[in-house]
Novice: 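I have a structure I would like to understand better, so I am pasting it below and will then ask my questions one at a time.
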Amino acid sequence: MIRIANDNKIDVQAPEIESLMMGPSDALARFIYWLGIGAPEQIRLAYQNFQTLPPGLDQYIIITDLGRRRVGRSCERFDPVTEKIQICEYTEITLQIDVFDTILEKAIEKAQRIDAVALTEHGVKFFNRYGLSCLYAEDVRPSAIDAEDGLFLGRATTTLHLGAWFKVELPTESFDMVDVRCRLANK
């Protein structure tokens with residue numbers, strides 16, 4: 001449990017958002033749930049294969065992984081324990097968060113909450129548990145759309161920039177013993 005404003009306690013363990021491979025989008029989905037902005041069924045990842053949203057859902061959040069950018073250059077080191085070369089690269093991960101609500105001001109407030117808390121000590125600690133660091137967040141941009149069923153939905157968008165170290169291990173040829181024998185040439 002983590003205590004946030006007004007003595008509200010929010011359980012960090014988000015049910016139904018678990019993933020076999022916890023990626024940055026998954027960690028952000030857990031963060032949004034932790035903030036109390038959306039229930040697991042309201043949080044969607046843009047790469048999930050869905051054509052339409054569940055019926056009757058007028059408040060939801062879509063997380064889109066916009067891309068990754070290497071920061072600096074790769075580092076290389078040899079790990080004598082595993083006998084592998086390890087290449088490390090610090091990468092900036094850009095995630096766009098679109099918050100939808102029937103009331104535009106509510107969508108803006110939810111997006112602003114993500115933006116504001118992500119860069120506080122609480123947000124930084126939350127993402128550090130997943131091997132991520134918060135670099136910065138972009139300002140909230142409001143817009144609106146008309147849903148397929150004619151329902152007006154307010155949309156507020158923010159973009160969160162996270163950082164992470166990515167590692168690649170490469171096998172290397174090695175040997176345990178060298179046998180050096182000297183042969184003299186007969187003349």
Novice: For the residue pair A118 and L160, what are the closest heavy atoms and their distance?
Specialist: CB-CD1, 3.6 Å
Novice: Where do E138 and R141 land on the salt bridge (Lys or Arg N to Asp or Glu O under 4.0 Å) test, with the steps shown first?
Specialist: CA-CA 9 Å; E138 294 179 17; R141 300 175 307 277; 3.6 Å; yes
Novice: With rounding to the nearest 0.5 angstrom, report the CD1 to CG distance, I97 to D115.
Specialist: 8.5 Å
Novice: Search all heavy atoms of A111 against all heavy atoms of A156 and return the closest pair with its distance.
Specialist: CB-CB, 3.8 Å
Novice: How far apart are the closest heavy atoms of T120 and V117, and which atoms are they?
Specialist: OG1-O, 2.7 Å
Novice: Which heavy atom in D79 sits nearest to a heavy atom in T82, and how many Å separate them?
Specialist: OD2-OG1, 3.3 Å
Novice: Nearest 0.5 Å please: distance from the OG1 atom of T157 over to the CZ atom of F100.
Specialist: 6.5 Å
Novice: Working to the nearest 0.5 Å, report the span between CG of D101 and CD1 of I61.
Specialist: 9.5 Å
Novice: Carefully, step by step, assess E76 and I85 under the rule side chain to side chain contact (heavy atoms under 4.5 Å, CB included).
Specialist: CA-CA 7 Å; E76 186 177 315; I85 295 173; 3.6 Å; yes
Novice: Considering all heavy atoms of both residues, which atom of G163 and which atom of Y90 are nearest to each other, and what is their separation?
Specialist: CA-OH, 3.3 Å
Novice: With sequence neighbours excluded, tell me which residues meet side chain to side chain contact (heavy atoms under 4.5 Å, CB included) with R70.
Specialist: S74, E89
Novice: Quick check: closest heavy atoms across A107 and V99, and the distance to 0.1 Å?
Specialist: CB-O, 3.5 Å
Novice: In Å and rounded to the nearest 0.5 Å, what is the OG1 to CG distance from T94 to D65?
Specialist: 8.0 Å
Novice: For E92, which residues count as a salt bridge (Lys or Arg N to Asp or Glu O under 4.0 Å) partner, sequence neighbours excluded?
Specialist: R69
Novice: With rounding to the nearest 0.5 angstrom, report the CD1 to CD1 distance, I43 to I37.
Specialist: 8.5 Å
Novice: By ring pair (Phe, Tyr, Trp, His ring centres under 6.0 Å), which residues pair with F166, not counting sequence neighbours?
Specialist: none
Novice: Kindly confirm or rule out a cation-pi arrangement of R129 over F127, judged by NZ or CZ under 6.0 Å from the six-membered ring centre and within 45° of its axis?
Specialist: no
Novice: Would you compute the distance between atom CD1 of I108 and atom CZ of R155 and round it to the nearest 0.5 angstrom?
Specialist: 12.0 Å
Novice: Indicate whether any N or O donor in one side chain lies under 3.5 Å from an N or O acceptor in the other, for Y136 and T159.
Specialist: no
